[in-house]
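Just so we're on the same page: letters track the sequence lines, and every chain starts at 1. The shown structure was predicted, so the numbers you read here are calculated from the model rather than taken from an experiment.
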Protein chains: 2
Amino acid sequence: MLHTTIMTALLKDTFDRKKQFASKRQAVIVEAGQAFRRRGYHNASMTEIAANLGLTKAALYYYVRNKEEVLYECHLMAYDAMDRILKAKYNGVTALDKLEALFVEFVKMLTASGVSLLTDVNSLGAENKADVLARRGKIERKIIRLVREGQKDGSIRDGDARLHVFFFMGALNWLNAWYDASGRLNGEDIAAHFALQMRAGIGS
Amino acid sequence: MLHTTIMTALLKDTFDRKKQFASKRQAVIVEAGQAFRRRGYHNASMTEIAANLGLTKAALYYYVRNKEEVLYECHLMAYDAMDRILKAKYNGVTALDKLEALFVEFVKMLTASGVSLLTDVNSLGAENKADVLARRGKIERKIIRLVREGQKDGSIRDGDARLHVFFFMGALNWLNAWYDASGRLNGEDIAAHFALQMRAGIGS
DNA sequence: AATAAATTTGACTCAAGAGTCAAATTTATG
DNA sequence: CATAAATTTGACTCTTGAGTCAAATTTATT
């Protein structure tokens with residue numbers, strides 16, 4: 001009994017500590033991601049990111065190995081979010097319907113959360129870069145497959161499915177360049193508009 | 001007579017020299033632009049760009065003031081090209097027709113020439129950044145105006161014209177991320193496909 | 001060939017920012 | 001309070017790449 005209480009206390013402690021550490025680390029990644037988005041990877045210094053969190057640069061390095069790792073995790077976070085969206089089941093009889101629902105979620109996610117699609121993939125080392133591009137490729141292929149499905153069920157117009165996808169993925173990636181959370185357009189509106197435009201663009 | 005021949009020789013000479021200088025300088029900008037596109041502004045070093053041209057870094061600096069200026073000129077070059085396209089008169093009775101013709105030219109230009117839309121606008125100093133964003137804004141507004149015109153003449157579906165435009169401008173900017181000149185898709189095909197998708201996306 | 005201008009270079013300087021580390025400080029627990 | 005682990009810090013080091021400059025070299029002209 002005494003033994004177990006000690007154990008549980010110990011476990012709870014280490015668990016809490018690990019949770020604390022993990023969530024602080026997460027905060028670092030998110031803050032860095034926003035800095036990267038606003039100012040670009042190379043223009044955002046680790047010192048600056050630390051300061052935004054009320055920390056010193058040296059303290060940052062308690063949570064992350066190096067800057068590149070942070071960029072890498074930012075990319076992964078975005079692709080994880082997209083994967084989660086892709087994994088969910090969407091209602092709608094046609095593939096186009098599903099694609100639309102998916103697209104809405106993408107836009108809402110990108111306008112709402114701290115997650116953003118970064119473009120600076122060349123600042124990653126060969127290993128991480130390959131990894132990130134593989135993740136991106138996987139997602140793109142999944143969407144392309146959905147488009148092909150739509151071309152079979154007749155909901156999506158014929159034509160190069162890859163081009164269909166690259167076109168509207170561009171809209172997603174371009175969001176970062178102009179979307180301003182404090183602007184008059186909210187994420188829901190943009191999502192609705194973009195979904196409609198995407199659908200019209202490839203629907204048959 | 002003697003006088004005039006001397007003068008003309010002198011003028012011709014300086015003219016040639018200036019032309020030489022200008023075209024070499026242009027080559028520097030173009031090469032740098034390609035390097036920036038491939039590797040990102042900060043990852044592409046001046047030494048590397050010089051080497052690609054068979055020069056030394058010091059020689060590069062005979063042609064340009066500094067790296068930022070080069071980035072600035074790359075942006076201007078792209079916007080100049082877009083301005084030229086925007087200035088031309090396009091056939092087609094509806095605004096949508098004109099927009100489509102325009103869009104085709106944009107895509108062809110971006111897939112063909114050394115010109116490319118760069119995204120690293122944050123690496124510019126305040127002055128140049130404002131300038132570049134102003135140029136971009138001007139172009140966007142012109143296109144938005146055309147979209148509004150289309151909404152009046154009934155060729156373009158109603159809805160926020162800015163969003164209509166941001167959507168397909170994303171496709172343009174995303175080109176850099178995936179387009180490979182040595183790939184199986186050529187610029188003309190992409191232009192045709194994208195034009196169709198753009199048109200379908202906002203046509204009424 | 002002599003000359004003058006244009007072009008190129010090797011060998012620098014300099015600043016910025018990534019990353020380190022031993023020591024100080026804070027936090028949780030008995 | 002004493003202690004041990006976790007966290008944070010100031011004060012470094014080190015590398016990279018931008019930018020400079022006086023001198024060398026090339027080019028065009030008479």
Just do the salt bridge (charged side-chain N to carboxylate O under 4.0 Å, His left out) check on A:D83 and A:R135 with the steps written out, would you?
-> CA-CA 9 Å; A:D83 279 342; A:R135 286 292 295 275; 2.8 Å; yes
Among pairs that include at least one residue of residues 64-92 of chain B, which meet ring-ring contact (aromatic ring centres under 6.0 Å, His included), considering only residues two or more places apart or in two chains?
-> none
Is the distance from OP1 or OP2 of C:dA5 to the nearest side-chain N or O of B:K18 less than 4.0 Å?
-> no
Is a side-chain donor-acceptor pair under 3.5 Å present for B:H42 with B:S123?
->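 A pair is found: one side chain offers a donor N or O, the other an acceptor, under 3.5 Å apart.
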Check each residue of residues 44-55 of chain B for a non-hydrogen atom within less than 4.0 Å of any atom in DNA chain D, then write out the ones that pass by number, or none.
-> B:A44, B:S45, B:M46
If I take atom [atom1] in residue [X] and atom [atom2] in nucleotide [N], what distance separates them, rounded to the nearest angstrom?
{"X": "A:R25", "N": "D:dA6", "atom1": "CZ", "atom2": "C1'", "answer": "17 Å"}
{"X": "B:R39", "N": "D:dT16", "atom1": "CZ", "atom2": "C1'", "answer": "13 Å"}
{"X": "B:H42", "N": "C:dA16", "atom1": "NE2", "atom2": "P", "answer": "14 Å"}
{"X": "A:Q20", "N": "D:dT7", "atom1": "CD", "atom2": "P", "answer": "8 Å"}

If you round to the nearest 0.5 Å, how far is NE2 of A:H193 from CG of A:L185?
->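 With rounding to 0.5 Å, CG (A:L185) is 9.5 Å from NE2 (A:H193).
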In terms of ring plane angle, is the pair B:F194 and B:F103 parallel, tilted or perpendicular, where the classes change at 30° and 60°?
-> parallel
Go through A:E105 and A:K108 one step at a time and tell me if the salt bridge (charged side-chain N to carboxylate O under 4.0 Å, His left out) criterion holds.
-> CA-CA 5 Å; A:E105 292 309 312; A:K108 286 204 292 194; 3.6 Å; yes
Which one is paired to D:dA28, where only Watson-Crick or G-U wobble pairs with both distances under 3.5 angstrom count?
-> C:dT3
Partner nucleotide, any strand, of C:dA15 [Watson-Crick/G-U, under 3.5 Å] =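 Partner of C:dA15: D:dT16.
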Pairs involving residues 28-38 of chain A, ordered by first then second residue, that meet side-chain hydrogen bond (donor to acceptor under 3.5 Å, both in side chains) (sequence neighbours left out) =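 Residue pairs passing side-chain hydrogen bond (donor to acceptor under 3.5 Å, both in side chains), neighbours aside: A:E31-A:N52, A:R37-A:S116.
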Contact list for DNA chain C against residues 57-70 of chain B - heavy-atom distance below 4.0 Å | B:A58, B:A59, B:Y62, B:Y63
Does anything in residues 27-37 of chain B reach DNA chain C, meaning a heavy atom under 4.0 Å, and if so which residues?
->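 Listed by number, there are none.
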If you count the non-hydrogen atoms of other residues, nucleotides and ligands that lie under 6.0 Å from CG in A:N91, is the total more than 12?
->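 Check fails, neighbour count at 12 or below.
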side-chain hydrogen bond (donor to acceptor under 3.5 Å, both in side chains) against A:Y41, all qualifying residues, sequence neighbours excluded |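 Partners of A:Y41 by the side-chain hydrogen bond (donor to acceptor under 3.5 Å, both in side chains) criterion come out as none, since no residue qualifies.
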Ring centroid separation B:Y62 to B:F21 under 6.0 Å | yes
Heavy-atom distance under 4.5 Å between the side chains of B:N43 and B:E48, does that happen here?
->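 Not touching, per the 4.5 Å side-chain cut-off.
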